[in-house]
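See structure below.
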Amino acid sequence: FETFVGQQVLRIIPTSDEELQKVQELQELEHLELDFWLSPRGLGSPVDVRVPFPSLQPLKAHLEANGISYSVMIEDVQALVDEEQSQMLRTPRGLP
Amino acid sequence: TSTFDYSAYHTLDEIYTFMDLLVAENPDLVSKIEIGRSTENRPLYVLKFSKGGTNRPAVWIDTGIHSREWVTQASGVWFAKKITLDHENDEGLAAVLEQMDIFLEIITNPDGFAFTHSQNRLWRKTRSKHSGSLCVGVDPNRNWDAAFGEPGASGNPCSQTYHGPYANSEPEVRAIVDFVKSHGNVKAFVSIHSYSQLLLYPYGYTDTPAPDQQELHELSGKAVAALSSLYGTKYKHGSIITTIYKASGNTVDWTYDQGIKYSFTFELRDTGLYGFLLPAKLIVPTAQETWLALKVIMEHARDHLY
């Protein structure tokens with residue numbers, strides 16, 4: 001089982017062409033293993049990216065160094081996965 | 001299927017069992033076709049809704065080509081049941097089925113879907129292995145023979161948008177290609193994803209407008225309006241490349257280039273907090289609103305057969 005402990009989903013909304021380009025460049029940084037849930041589409045459109053724990057601080061530092069604001073959309077991905085799994089287990093399973 | 005819990009997420013086995021039950025309950029309307037096998041040898045099932053006749057014009061709907069987008073497979077289950085409930089009472093649907101067959105592939109990527117239930121909830125791709133790389137899987141929405149391998153897909157096997165070694169390399173894609181070609185009379189094709197709340201039409205690989213752009217834009221606008229009328233969910237519509245980004249080798253560019261004019265790809269809920277972890281209580285509302293849009297597309301195809 002892969003776990004998502006310590007992983008977060010960040011939301012970035014590029015507000016200038018420069019910011020948009022910087023965010024697009026993140027897709028090329030494969031060593032960060034970023035998972036774009038919503039890829040960069042244009043100014044004002046949200047970009048949601050799941051960030052593995054080891055990449056969290058480097059990415060946040062990179063964004064802050066470039067003056068790109070972001071918000072934490074999902075604080076703890078594993079907690080949500082756990083909640084979903086427990087909901088599935090609570091649901092009456094099987095078919096008549 | 002009347003006691004099946006449509007407001008919950010289900011495993012592959014449960015959904016396959018559901019399909020068998022639906023067929024058993026509606027033998028004069030629903031049949032199950034195996035169109036191929038996945039990389040890990042799972043059957044690729046399509047439900048056929050038909051009131052008879054041979055090789056009638058058809059609507060194709062698929063859900064779950066990206067395995068982690070669980071609301072799509074769950075919506076596919078709901079659509080299947082909805083068709084059996086409404087095929088006589090709903091005037092629009094009945095009229096569609098008078099002239100056309102509906103094909104519904106609920107689990108387009110069963111290997112990936114099983115993997116999301118057992119190993120990695122956020123797995124998106126297929127589970128094929130490629131020599132020379134430790135990374136597994138191909139993006140089945142970049143594996144089609146429509147500007148395959150051009151910008152808008154990745155050549156890196158570790159990428160989420162890896163296009164694969166060659167077009168149709170994924171058996172999940174190849175099976176649909178073979179089916180559509182051999183059928184030869186598919187008039188509308190809707191491939192369903194989540195989560196961006198969009199209804200998109202070709203092209204993704206070029207910014208040259210599709211020859212039918214005006215009609216597709218008007219139709220998608222009507223479909224989105226119908227969708228939004230239920231719960232006020234906001235959708236955008238437009239061509240793939242102008243609305244999101246360049247995407248080569250994608251499903252509906254291939255279908256459109258095959259002559260299927262009414263080719264659309266959906267992105268269902270939600271753009272908000274949850275994404276792939278959409279709470280189960282949102283499944284039914286998502287499916288209900290999407291169904292209204294699907295009906296607009298199907299009815300338009302029926303009224304404008306070509």
Side-chain angles (χ1 to χ4, degrees), chain A residues 1-5 7-14 20-21 23-24 26-52 71-96, chain B residues 1-11 13-18 20-22 66 68-70 115-124 135 152 154 156-161 194-198 236 240-247 267 270-281:
Chain A
F1 242 104
E2 180 163 334
T3 68
F4 304 91
V5 173
Q7 298 192 11
Q8 294 185 339
V9 177
L10 304 186
R11 169 162 283 193
I12 306 161
I13 302 180
L20 181 61
Q21 187 181 343
V23 175
Q24 285 170 333
L26 291 175
Q27 294 177 294
E28 310 302 321
L29 304 179
E30 284 167 352
H31 65 283
L32 292 177
E33 297 182 341
L34 304 179
D35 175 16
F36 283 83
W37 285 13
L38 283 178
S39 296
R41 284 180 277 165
L43 296 181
S45 293
V47 177
D48 295 342
V49 54
R50 179 172 62 89
V51 189
S71 59
V72 178
M73 192 174 89
I74 297 180
E75 186 80 34
D76 183 344
V77 176
Q78 186 60 44
L80 267 186
V81 171
D82 291 344
E83 185 185 332
E84 186 177 76
Q85 294 297 335
S86 67
Q87 276 181 4
M88 285 189 69
L89 288 172
R90 283 202 301 272
T91 300
R93 303 297 285 269
L95 294 155
Chain B
T1 60
S2 59
T3 58
F4 189 83
D5 188 353
Y6 297 89
S7 60
Y9 291 114
H10 293 274
T11 64
D13 288 344
E14 288 167 352
I15 293 175
Y16 278 3
T17 304
F18 164 84
D20 288 337
L21 276 176
L22 199 72
H66 285 152
R68 66 190 183 184
E69 298 164 7
W70 278 13
F115 200 68
T116 63
H117 279 276
S118 61
Q119 301 284 317
N120 179 343
R121 170 65 183 86
L122 299 177
W123 188 260
R124 161 189 164 106
C135 292
S154 174
N156 178 354
C158 299
S159 167
Q160 294 282 18
T161 56
S194 62
Y195 76 113
S196 305
Q197 294 176 199
L198 303 165
K236 291 180 182 173
I240 296 168
I241 194 168
T242 59
T243 310
I244 46 172
Y245 40 70
K246 190 166 194 168
E267 291 274 355
D270 73 354
T271 56
L273 180 61
Y274 297 104
F276 307 112
L277 305 168
L278 194 71
K281 67 183 177 187

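Chain letters run A, B, ... following the sequence lines, proteins first, then strands; residues in each count from 1.
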| request: Start with the C-alpha distance between Trp37(A) and Ile74(A), add both sets of side-chain angles, then the distance that settles side chain to side chain contact (heavy atoms under 4.5 Å, CB included), and finish with yes or no. | output: CA-CA 12 Å; Trp37(A) 285 13; Ile74(A) 297 180; 3.9 Å; yes
| CA sep, side-chain torsions, deciding dist, call: Cys158(B), Glu30(A), side chain to side chain contact (heavy atoms under 4.5 Å, CB included) | CA-CA 8 Å; Cys158(B) 299; Glu30(A) 284 167 352; over 6 Å; no
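Heavy-atom pairs under 4.5 Å with chain A peak, among His117(B), Gln119(B), Glu267(B), at Gln119(B).
For chain A, no part of Phe115(B) is nearby; none of its heavy atoms comes within less than 4.5 Å. In this structure, chain A has a heavy atom under 4.5 Å from the backbone of Thr243(B), while its side chain stays farther away. Contacts between Phe36(A) and chain B at a heavy-atom distance below 4.5 Å involve the backbone alone (N, CA, C, O). For a residue to count as touching a neighbouring chain, one of its non-hydrogen atoms must lie under 4.5 Å from one of that chain's; by this rule Ile241(B) does not touch chain A. Neither the backbone nor the side chain of Arg124(B) comes within contact range of chain A; no heavy atom of the residue lies under 4.5 Å from a heavy atom of that chain. Residue Ser196(B) touches chain A through both its backbone and its side chain, counting heavy-atom pairs closer than 4.5 Å.
Side-chain contact between Trp70(B) and Arg121(B) is present, with heavy atoms from C-beta onward closer than 4.5 Å.
Every residue two or more places apart in sequence or in another chain that forms a ring pair (Phe, Tyr, Trp, His ring centres under 6.0 Å) with Tyr16(B) is listed here: Tyr45(B). Looking at residues two or more places apart in sequence or on another chain, you find no side chain to side chain donor-acceptor pair (under 3.5 Å) involving Ser194(B).
Ring geometry for Phe18(B) against Phe4(B) counts as tilted: the plane angle lies between 30° and 60°, on a 0 to 90° scale.
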